[in-house]
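Residues take their numbers from the sequence shown, with the count starting at 1. Order of appearance sets the numbers: ligands from 1, and atoms from 1 within every ligand.
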Amino acid sequence: MLKRNKQKTIKDIDLTNIPRHIAFIMDGNGRWAKKRNMPRTFGHHEGTKTIRKIALEANKLGVQAMTIYAFSTENFARPESEVNFIFKLPKEFFQLYLQELIDNNVQVCMIGHLELAPEATQNIIKSAMEQTKMNTGLKLCFAFIYGGRDEIIHATKNLVQDCIDGKQDIQSINESLFESYLMTDGLPAIELMVRTSGEQRLSNFLLWQLAYAEFIFTDAYWPDFDEQELYECIWLYQNRDRRFGGLK
Ligand code: FPP
């Protein structure tokens with residue numbers, strides 16, 4: 001468990017060995033707010049500022065993609081008022097920061113079931129994706145109404161259907177073909193997964209894609225996660241011995 005010591009600076013990391021794709025479970029917004037006697041929604045609001053900060057820094061460092069767990073299929077179990085608040089955050093986020101993301105060549109993308117969101121939320125996210133689709137910098141990917149098991153079932157159904165329709169042949173199914181049916185198709189392999197707030201579990205996030213990722217769990221709540229903490233995570237990643245099942 002990474003304790004917050006914030007001793008790392010950009011000078012400590014090897015800029016030639018930056019993880020190509022970092023996944024974040026941005027946990028702890030509610031507890032961050034509770035600690036300040038504020039409503040949980042205030043924590044989510046603060047959490048969007050961290051998304052902006054970390055996306056811009058990751059982009060500067062040359063990270064190719066960053067996937068952030070914004071709403072899980074299980075999050076529908078939260079009180080309706082909180083769910084409604086979270087569904088309004090994309091509007092606020094893109095009103096405040098879309099131009100800055102465009103100016104920094106960031107491309108917005110998403111995985112998950114956007115069709116289950118209110119129409120206004122769908123439109124805001126679709127418009128951000130449309131306006132940034134030609135950008136070539138960081139792919140800022142929101143996992144929104146996303147669940148890892150659901151994604152695998154979805155991919156399997158589509159692949160089976162294509163086999164029935166004669167578009168695919170069962171004998172040709174391999175990992176790379178299966179991956180092309182996942183929602184993350186086109187994104188680089190995830191090399192680092194960071195979960196904030198001290199919890200140490202995956203919570204149904206990117207179950208297939210995280211097979212060989214390095215995991216870092218930090219005790220910082222997401223609104224407190226900052227650039228120095230990102231450097232620290234990258235430094236730790238660079239000091240891990242990645243063997244992919246082989247020997248070194
Ligand atoms: C985790 O904190 C955070 C969430 C479940 C959702 C946060 C969602 C956003 C900030 C929306 C962002 C989306 C866009 C497109 C900008 P928690 O509530 O689980 O915290 P806790 O574990 O302390 O209760």
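At least one heavy atom of Arg40 sits less than 4.0 Å from an atom of ligand 1. No heavy atom of Phe71 sits closer than 4.0 Å to any atom of ligand 1. Contact annotation: Ser197 has no heavy atom less than 4.0 Å from any atom of ligand 1.
Residue Gly47 places no N or O, backbone or side chain, under 3.5 Å from any N or O of ligand 1. Residue contacts with ligand 1: Asp27 is placed with a nitrogen or oxygen under 3.5 Å of a nitrogen or oxygen of the ligand (distance criterion only). In terms of polar-atom proximity, defined here as any N/O pair under 3.5 Å, Asn75 makes no such contact with ligand 1.
When only non-hydrogen protein atoms are considered, atom 2 (O) of ligand 1 lies nearest to Asn29 N, 3.4 Å. Of all protein heavy atoms, the one lying nearest to atom 6 (C) of ligand 1 is Ala70 O, 3.3 Å.
Every atom of ligand 1 is numbered from 1 in the order shown, and the set under 4.0 Å from a heavy atom of Phe93 is 16 (C).
Checked against a 6.0 Å centroid threshold, the rings of Phe76 and Phe71 count as neighbours. With ring centers used as reference points, Tyr237 lies 6.0 Å or more from Phe215.
Residues Glu199 and Arg31 are paired through a salt bridge, judged by an N-O separation under 4.0 Å between the basic side chain and the carboxylate.
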